[in-house]
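No hydrogens, no waters, no symmetry mates; every other heavy atom, side chains included, goes into these values.
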Amino acid sequence: MTVFYLLLLTYLAVVSGLVYDVIVEPPGIGSAQDPATGAVRPVVFLPGRVNGQYIIEGLSSGFMFLLGGIGIVLLNLAVDRTSPRSLRISFGGSGVAAIVLAYAMVMLFLRIKIPGYLW
């Protein structure tokens, strides 16, 4: 099980863009001026640039990919015939919920990152 957790942590680091963050050293979050009020507000996603990211953007996207992967693992546990029926139903429901949530959030992140993409 230790090897699984190490692989999971490595997967999170890779899909979060840890190597990019170490090399480029981007800011944690950005800021943008609100045109209506003139106030400066924080920006988590770097809009319009596919090849750039803020640290929080990479971590949140990586966590959503990890959540989808955990959902697939839960679905795999749900098909085990030796487990009690209630446990299999809870694994299946949790796995489907995790995959649906991860997909919805990743698509939301993509639409924030690239407005008008896939419309």
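Here Leu59 contributes atom CG and Leu18 contributes atom CG; the two are 8.0 Å apart, rounded to the nearest 0.5 Å. Taken to the nearest 0.5 Å, the CD1 atom of Ile56 stands 11.0 Å off from the OG atom of Ser61.
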Show me the donor-acceptor pairs, under 3.5 Å and distance only, between side chains in residues 65-78 and residues at least two apart or in other chains.
none

With a 3.5 Å cut-off and sequence neighbours excluded, list the donor-acceptor pairs that the side chains of residues 109-118 form with protein atoms.
| unit_1 | atom_1 | unit_2 | atom_2 | d |
| --- | --- | --- | --- | --- |
| Lys113 | NZ | Leu46 | O | 2.9 |
| Lys113 | NZ | Arg49 | O | 2.8 |
| Lys113 | NZ | Gly52 | O | 2.5 |
| Lys113 | NZ | Glu57 | OE2 | 2.9 |

Per-pair distances, 0.1 Å, donor-acceptor, side chain in residues 26-43, under 3.5 Å, sequence neighbours excluded:
| unit_1 | atom_1 | unit_2 | atom_2 | d |
| --- | --- | --- | --- | --- |
| Gln33 | NE2 | Gly38 | O | 3.1 |
| Asp34 | OD2 | Thr37 | OG1 | 3.2 |
| Thr37 | OG1 | Ala39 | N | 3.3 |

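The other members of the hydrophobic cluster of Val24, by chain and number, are Val19, Tyr20, Ile23 (side-chain heavy atoms under 4.5 Å, ILVMFWY only). Under a 4.5 Å side-chain heavy-atom cut-off, the cluster of Ile, Leu, Val, Met, Phe, Trp and Tyr residues that includes Leu7 is completed by Val3.
Legend: ring pair (Phe, Tyr, Trp, His ring centres under 6.0 Å) pairs involving residues 24-43, not counting sequence neighbours: none detected. Listed by first then second residue, pairs satisfying side-chain hydrogen bond (donor to acceptor under 3.5 Å, both in side chains) with a partner in residues 9-18 number zero, not counting sequence neighbours.
One hydrophobic cluster, built from ILVMFWY side chains closer than 4.5 Å, holds both Phe63 and Phe45. If you chain together hydrophobic residues whose side chains sit under 4.5 Å apart, Phe91 and Leu101 fall into the same group. Leu12 and Met64 fall within the same hydrophobic cluster, where Ile, Leu, Val, Met, Phe, Trp and Tyr residues are linked whenever their side-chain heavy atoms come under 4.5 Å apart, directly or through other members. Leu8 is connected to Val106 through a chain of hydrophobic side-chain contacts under 4.5 Å among Ile, Leu, Val, Met, Phe, Trp and Tyr, so both are in one cluster. In terms of hydrophobic clustering, with Ile, Leu, Val, Met, Phe, Trp and Tyr side chains grouped at heavy-atom distances under 4.5 Å, Ile99 and Val96 are assigned to a common cluster.
For Ser83, the side-chain contact (heavy atoms from CB on, under 4.5 Å) partners two or more places apart in sequence, or in a different chain, are Asp80, Leu87, Arg88.
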